[in-house]
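Note sheet for the following structure.
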Amino acid sequence: GTSPGASFRNSTGYQLALARGGIIATVGNNRSTTILGGPAVDDGKWHTATLIRDGDVLRLRLDGVVVAEKQYRGTLSSHELFGIGSTPNGYNRFVGEIGTVTYQNTSVSI
């Protein structure tokens, strides 16, 4: 996803990010954005974060537990940028380690 500002309000696509040590997930199309906030993950431990879109429902899972859930009724383009470790413009680089990244465009059992 992309987010030109720091507020995530005009994000485009899917995005997992860190904000002040907490996990944030956004889904948006630059007109309509839903933001899910989760707990702190800057504790030096490995975590698994999963963003799931099931129809109009978004779920943010952290270590297998749903930590946030909201509705999103906007549309999404299938031609968005995909970046890992920083914003697409190269700013706001991630400090830490990313062990594995997986993208699935299929149904997920909860």
Side-chain angles (χ1 to χ4, degrees):
T2 61
S3 181
S7 69
F8 299 102
R9 290 278 169 220
N10 45 347
S11 294
T12 301
Y14 299 91
Q15 187 170 206
L16 282 171
L18 294 177
R20 295 182 185 94
I23 189 86
I24 301 287
T26 65
V27 175
N29 61 14
N30 203 20
R31 292 177 306 280
S32 172
T33 302
T34 296
I35 301 170
L36 299 144
V41 292
D42 60 350
D43 55 7
K45 300 176 185 175
W46 285 99
H47 296 281
T48 300
T50 308
L51 175 59
I52 300 166
R53 182 176 184 196
D54 183 10
D56 289 346
V57 177
L58 300 175
R59 290 183 185 93
L60 174 60
R61 287 195 321 194
L62 186 64
D63 301 326
V65 177
V66 175
V67 295
E69 181 175 300
K70 288 185 180 178
Q71 297 241 328
Y72 176 75
R73 291 191 173 93
T75 59
L76 291 170
S77 169
S78 60
H79 303 289
E80 295 300 331
L81 295 173
F82 185 75
I84 299 171
S86 73
T87 54
N89 62 7
Y91 296 109
N92 301 321
R93 293 174 192 245
F94 175 75
V95 177
E97 295 181 46
I98 299 173
T100 305
V101 175
T102 304
Y103 172 81
Q104 296 177 342
N105 193 14
T106 60
S107 298
V108 176
S109 301
I110 296 180

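Every value quoted in this text rests on a predicted model; they were computed, and no experiment measured them. Atom set for the values below is all heavy atoms of this structure, side chains included, hydrogens, waters and symmetry mates excluded.
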Item checked: Which atom of Ala25 lies closest to which atom of Leu51, heavy atoms considered -> CB-CD1, 3.8 Å

Note to self: Please report the interatomic distance CD(Gln15) to CD1(Ile24), rounded to the nearest 0.5 Å.
What the structure shows: 10.0 Å

Check: Which residues satisfy the side-chain contact (heavy atoms from CB on, under 4.5 Å) test with Val41, sequence neighbours excluded?
Finding: Leu18, Ile23, His47, Leu62

Note to self: Rounded at 0.5 Å granularity, tell me how far CD1 in Ile52 sits from CZ in Arg61.
What the structure shows: 4.0 Å

Check: With sequence neighbours excluded, what pairs up with Arg73 under the side-chain contact (heavy atoms from CB on, under 4.5 Å) test?
Finding: Asp56, Gln71

Next item on the list: Answer yes or no: is there a side-chain heavy-atom contact under 4.5 Å between Leu36 and Val67?
Entry: no

Next item on the list: Search all heavy atoms of Leu60 against all heavy atoms of Gly37 and return the closest pair with its distance.
Entry: CD2-C, 4.3 Å

Item checked: Considering all heavy atoms, the nearest Val27-Tyr72 contact -> O-CE1, 3.6 Å

Note to self: Run the side-chain contact (heavy atoms from CB on, under 4.5 Å) test against Thr75 and tell me which residues pass, sequence neighbours left out.
What the structure shows: Asn29, Arg31

